[in-house]
Enquirer: 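The following block contains the structure, expressed as structure tokens.
Sequence lines set the chain letters: A, B, ... in the order given, protein chains first and strands last, and positions in each chain run from 1.
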Amino acid sequence: MKVLLIHADYIEYKAKSKTRVAEEIPEELKSQRGEEVLVAFVAVEKADEAAPEEAVGKGIEEIESVFKEVKAKEVMLYPYAHLSPSLSNPEVAVRVFRGLEEGLRGKGYAVKRAPFGWYKAFELRCKGHPLSELSRQITVGEAKEKERVSKAVAAEKKLRSEWYILDPEGRLTPAKEFDFSKEPGLRTLYNYETAGTRSAAKEPPHIKLMKEHELVDHEPGSDPGNLRWYPKGTMIKRLLEEHVTGILLNYGAMEVETPIMYDFAHPNLRKYLDRFPAKQYVVRSDEKEYFLRFAACFGQYLMGHDMTISYRQLPLRLYELTHYSFRREQSGELSGLKRLRTFTMPDMHTLCRDMDQARKEFLNQYKLAMGWMRDLGVEYQVAIRFIKEFYEQNEEFAKTLVKLIGRPILIELWEERFFYFVMKFEFSINDALEKAATLSTVQIDVENTERFGISYVDEDGSKKHPLMLHASISGGIDRNLYAILEHEWMKAQKGERPMLPLWLSPTQVRLVPVAEEHLGYCEGLLAELEVQGIRVDLDDGSSTLEKKIREAEMEWVPYIAVVGGKEIESGTLTVRVRREKGKQKKFTKEELVATIKEEVRAKPFRRLPLPSRLSQRPTFR
RNA sequence: GCCGCCGUAGCUCAGUCGGUAGAGCGGCUGAUUCGUAAUCAGCAGGUCACGGGUUCGAUUCCCGCCGGCGGCUCCA
């Protein structure tokens, strides 16, 4: 007998039509609702036919123990054939159900029962706490094996890990014994990973910045964790997206697009979802339910399943910018741009022939991620996590990775493999509140190609399951902006001038005429710079020069060019250069263009996201 | 999700020991045309998040709810 136990806020079912094995039922059983309920989905199996009474007894025992543990108010027994591939005959099944119902009722519990052998529509809301989803295998006869999968157990297993620091000289030191005095950032990461944080309860500064700069805002008209992006924020987001996509296409990935929602009932997906706690948005379409993807994995797995692949074609890379991924994080976990329910993330899957090839790919992708972090201009920490056994076989590889970074990194070793991967790296940043957030990550997956039936034909003509790398070179795009803003805020605290990287600055050059009579000349300059592919705008308002400069500074404009009689006469530009603490420098137009072009080299470009005349711009908040 | 704190004009905030509100910025109008971080004056903006309750009267007190932030939990 298989039992799936769900602790739910409510369940509601409606009997729709009979199957061939339907029992006759009174009217009141055709539709029922239970609240604060432990729902027991039960499938009676062939093996139970040998001893139905024993199955009933053990079933009651299991349901009762969970019922007490979760403190539910009532039980809903729900015949659910789909739990087992080898069902008992209907007569035995009905006997077992009656036995369970009467037995539990006899112990004084409030019991409801859904009818056997009917097609039923049902709706339930799982509470989602650690014990709210449990499955039990009840075996009659001598074998008395219990199966128990739950978040709580998962968390326990995950905790069984050891922490080390690996330095560029190849020394592996237990983290507890490591001298962090020269590695404050690594210490912050380690503390965060192992102890959480004890820092003061403050709002992360990027939230204020993202609003003040009219980049991103909360959208009260949506579900929490779904944000509103203003033109400047949208431009930044697009540039990040285009850049990471460009990097991956250049690297040889094939870009694809896959659906954002998937059928709960699809057998392969079901298997995968069973392994992870429910954290999905659910979408209804007619009578079916779909979940919104939390990464591009599903679409790419299903595509990979149908592909014919030769070993000659490996490594093979599929890429999608998941615009969007959805994760229904608990409401209390949401935070600004750091933790969202709807976010954008590049997701690449690389199929590899063997571990040698996988390591080589992993290394390449690790380098791509290093390049990405450099382009963002933020400081980052490196953590590499391994299954212990895998680490022992790959110590030299680990040393190669740390050497590339050139400073110590955090190593976590898991006793056993609970997840589907044997190793992964994570590049993370520490924010102003000393919390860590992962950006880039790559994992070596040894499990899912088999689960999803992805295979290639090897040299000898046999079908094999490849290894698969999951790569998110930038990590969540939204989170990248969080990283930049937090980083710039911390810079400002140290007395430096915060600014966005030039390639991401909505305005790169602001023209500020000294007086109205210089406006015409500025218009000409504006057109000339625009043609050169510079994001340039013009403050044509009626306020004073000083005020215009103040406002440009507060907007973090990297180059502010004041244009008056002197500039018109000499044909040069006097520019406040933000990166050089607002120092005024003289440029010719050509020099300014060349300077900017050099600074944004190899980065994508988008035109100014707002009207070029400031007087034409609305306020967004 | 649980617990705590918060929600007053477009923004940042003050205020009302219960008698339906005020500043600065922004916006609009006018004056000023200015050489590197805030020119001056006037005007228009508010169901005090939302829904109930108590009260002669609620923005204020109580309950609920929505949203935000933090802590816990979580983070495939």
Enquirer: Assess whether a salt bridge exists between A/Glu333 and A/Arg339, defined as any Lys/Arg side-chain N lying under 4.0 Å from an Asp/Glu carboxylate O.
Expert: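 Result for this pair is yes, salt bridge flagged.
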
Enquirer: Tell me, yes or no, whether the heavy-atom count around A/Glu496 atom CD, taken from other residues, nucleotides or ligands under 6.0 Å, exceeds 12.
Expert: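 Yes, the 6.0 Å shell around CD holds more than 12 heavy atoms from other groups.
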
Enquirer: Do the side-chain N or O atoms of A/Lys435 get closer than 4.0 angstrom to the phosphate oxygens (OP1, OP2) of B/rG71?
Expert: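 The answer is yes; a side-chain N or O of A/Lys435 sits under 4.0 Å from OP1 or OP2.
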
Enquirer: Determine the minimum heavy-atom distance between A/Leu519 and A/Pro513, stating which atoms define it.
Expert: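 What the structure gives for the nearest pair is CD2-CG, 4.1 Å.
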
Enquirer: Indicate the atoms forming the closest heavy-atom contact of A/Lys547 with A/Ser543, along with that distance.
Expert: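 Heavy-atom minimum between the residues: CD-CB, 4.0 Å.
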
Enquirer: Using a 4.0 Å cut-off on heavy atoms, which residues in residues 335-348 of chain A reach RNA chain B? List them by number, or say none.
Expert: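 Only A/Ser335, A/Gly336, A/Arg339 qualify.
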
Enquirer: Each nucleotide in nucleotides 34-50 of chain B should get exactly one letter: B, S or -. Can you fill that in based on protein heavy atoms under 4.0 Å?
Expert: BBBBBB-----------

Enquirer: When you compare B/rA14 with B/rA9, how far apart are their C1' atoms, in angstrom units rounded to a whole number?
Expert: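 My reading of the C1' atoms in B/rA14 and B/rA9 gives 13 Å.
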
Enquirer: By nearest heavy atom, map A/Lys211 and A/Arg479 onto RNA chain B; which one lands nearer the 5' end?
Expert: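 The 5'-side residue here is A/Lys211.
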
Enquirer: Take the angle between the ring planes of A/Tyr482 and A/His206 and call it parallel below 30°, perpendicular above 60°, tilted in between.
Expert: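 If you compare the ring of A/Tyr482 with that of A/His206, the planes turn out perpendicular.
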
Enquirer: Quick one: side-chain contact (heavy atoms from CB on, under 4.5 Å) partners of A/Ala483, sequence neighbours excluded?
Expert: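 Result, side-chain contact (heavy atoms from CB on, under 4.5 Å) vs A/Ala483: A/Ile429, A/Leu439.
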
Enquirer: Where do A/Glu361 and A/Arg317 come nearest, in terms of heavy atoms and distance?
Expert: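 It is OE2-NH2, 2.7 Å.
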
Enquirer: Roughly, in whole Å, what's the span from CD1 in A/Ile387 to P in B/rA76?
Expert: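 In whole Å, B/rA76 P lies 13 Å from A/Ile387 CD1.
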
Enquirer: Which listed nucleotide (B/rU12, B/rG1, B/rC69) is nearest to the side chain of A/Arg621?
Expert: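 The listed nucleotide nearest to A/Arg621's side chain is B/rU12.
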
Enquirer: To the nearest Å, how far apart are A/Glu36 CD and B/rG1 P?
Expert: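 To the nearest whole Å, that distance equals 14 Å.
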
Enquirer: Kindly indicate whether a cation-pi arrangement holds for A/Arg33 with A/Tyr10, taking the cut-offs as under 6.0 Å to the six-membered ring centre and within 45° of the axis.
Expert: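 Yes, A/Arg33 and A/Tyr10 form such a contact.
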
Enquirer: Would you measure the distance from the P atom in B/rU29 across to the matching atom in B/rG70 and give it in whole Å?
Expert: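 My reading of the P atoms in B/rU29 and B/rG70 gives 40 Å.
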
Enquirer: Kindly assign one of parallel, tilted or perpendicular to the pair A/Tyr301 and A/His470, based on the angle between their ring planes and the thresholds 30° and 60°.
Expert: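 Rings of A/Tyr301 and A/His470: perpendicular, over 60°.
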
Enquirer: When rounded to the nearest 0.5 angstrom, what is the spacing between CZ in A/Arg535 and OG1 in A/Thr507?
Expert: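 So the CZ of A/Arg535 and the OG1 of A/Thr507 are separated by 8.5 Å.
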
Enquirer: Short of 4.0 Å, heavy atom to strand atom, which residues of residues 481-493 of chain A count as contacting RNA chain B?
Expert: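 Hits under 4.0 Å, by residue number: none.
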
Enquirer: Provide the full list of salt bridge (charged side-chain N to carboxylate O under 4.0 Å, His left out) pairs with a residue in residues 482-495 of chain A, sequence neighbours left out, each pair given once.
Expert: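 For residues 482-495 of chain A, and leaving out neighbouring residues, the salt bridge (charged side-chain N to carboxylate O under 4.0 Å, His left out) pairs sorted by first residue read A/Glu488-A/Lys491.
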
Enquirer: Rounding to a whole Å, what distance do you find between A/Glu203:CD and B/rG67:P?
Expert: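 Rounded to whole Å, this separation is 17 Å.
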
Enquirer: Nearest-Å distance, NE2 (A/His206) to C1' (B/rG68)?
Expert: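 Those two atoms, NE2 and C1', are 13 Å apart.
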
Enquirer: Rounded to whole angstroms, how far apart are CD on A/Glu214 and C1' on B/rG10?
Expert: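 Distance, rounded to whole Å: 10 Å.
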
Enquirer: Can you identify which nucleotide, out of B/rG1, B/rA76, B/rG71, has its nearest atom closest to the A/Gln330 side chain?
Expert: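 My answer, after comparing the listed nucleotides, is B/rG1.
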
Enquirer: For atom C1', what is the distance between B/rC69 and B/rC62, given to the nearest Å?
Expert: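 Nearest-Å result for B/rC69 against B/rC62 at atom C1': 24 Å.
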
Enquirer: Look at the aromatic rings of A/Tyr559 and A/Phe587 and report parallel, tilted or perpendicular, splitting at 30° and 60°.
Expert: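 Perpendicular: the ring planes of A/Tyr559 and A/Phe587 meet at over 60°.
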
Enquirer: Quote, to the nearest angstrom, the P distance that separates B/rU59 from B/rG52.
Expert: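 About 12 Å, rounded to a whole number of Å.
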
Enquirer: Taking a pair as Watson-Crick (N1 to N3 plus N6-O4 or O6-N4) or G-U wobble (N1-O2 and O6-N3), both under 3.5 Å, which stems of 3 or more consecutive pairs involve RNA chain B?
Expert: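 The stems are B:1-7 with B:66-72, B:10-13 with B:22-25, B:27-31 with B:39-43, B:50-53 with B:61-64.
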
Enquirer: When rounded to the nearest Å, what value does the distance between C1' atoms of B/rU54 and B/rU73 take?
Expert: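 To the nearest whole Å, 38 Å.
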
Enquirer: Run the salt-bridge test on A/Glu551 and A/Arg510 with the 4.0 Å N-O cut-off and return the result as yes or no.
Expert: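 Salt bridge between A/Glu551 and A/Arg510, a charged N being under 4.0 Å from a carboxylate O: no.
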
Enquirer: Need one value for A/Glu212: base, sugar-phosphate or nothing, where a base atom within 4.0 Å counts as base even if backbone is also close, heavy atoms only.
Expert: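 Nothing, no heavy atom under 4.0 Å.
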
Enquirer: Given atom CG of A/Asp431 and atom P of B/rC75, what is their separation to the nearest angstrom?
Expert: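 Value for this atom pair: 19 Å.
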
Enquirer: May I ask you to decide if the ring planes of A/Tyr391 and A/Phe386 are parallel, tilted or perpendicular, using 30° and 60° as cut-offs?
Expert: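 Judged by the thresholds at 30° and 60°, the geometry between A/Tyr391 and A/Phe386 is perpendicular.
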
Enquirer: Distance check, C1' atoms only: B/rG64 and B/rA49, in whole angstrom units.
Expert: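 Rounded to whole Å, the distance is 14 Å.
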
Enquirer: Starting at OG of A/Ser161, measure out to CH2 of A/Trp414 and round the result to the nearest 0.5 Å.
Expert: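 One finds 7.5 Å between OG of A/Ser161 and CH2 of A/Trp414.
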
Enquirer: Can you tell me, in whole Å, how much space there is between the C1' of B/rG57 and that of B/rC72?
Expert: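 It works out to 43 Å between them.
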
Enquirer: Provide, to the nearest angstrom, the distance between the NZ atom belonging to A/Lys208 and the C1' atom belonging to B/rG68.
Expert: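 Spelled out: NZ on A/Lys208 to C1' on B/rG68 is 15 Å.
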
Enquirer: Using the C1' atoms only, state how far B/rC17 lies from B/rU12, rounded to an integer number of Å.
Expert: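 Approximately 27 Å lies between the C1' atom of B/rU12 and that of B/rC17.
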
Enquirer: Is any side-chain nitrogen or oxygen of A/Ser331 closer than 4.0 Å to OP1 or OP2 of B/rG1?
Expert: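 Affirmative; the distance criterion is met.
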
Enquirer: Please give, in whole Å, the distance from B/rG27 P to A/Phe620 CZ?
Expert: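 Rounding to the nearest Å, CZ of A/Phe620 and P of B/rG27 are 15 Å apart.
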
Enquirer: Do the side chains of A/Lys388 and A/Glu162 get close enough for a salt bridge, i.e. N-O under 4.0 angstrom?
Expert: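 Yes, A/Lys388 and A/Glu162 are salt-bridged.
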
Enquirer: Have a look at B/rG45 and give me syn or anti from its glycosidic angle (syn if within 90° of zero).
Expert: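 What B/rG45 shows is a syn base, its glycosidic angle lying within 90° of 0.
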
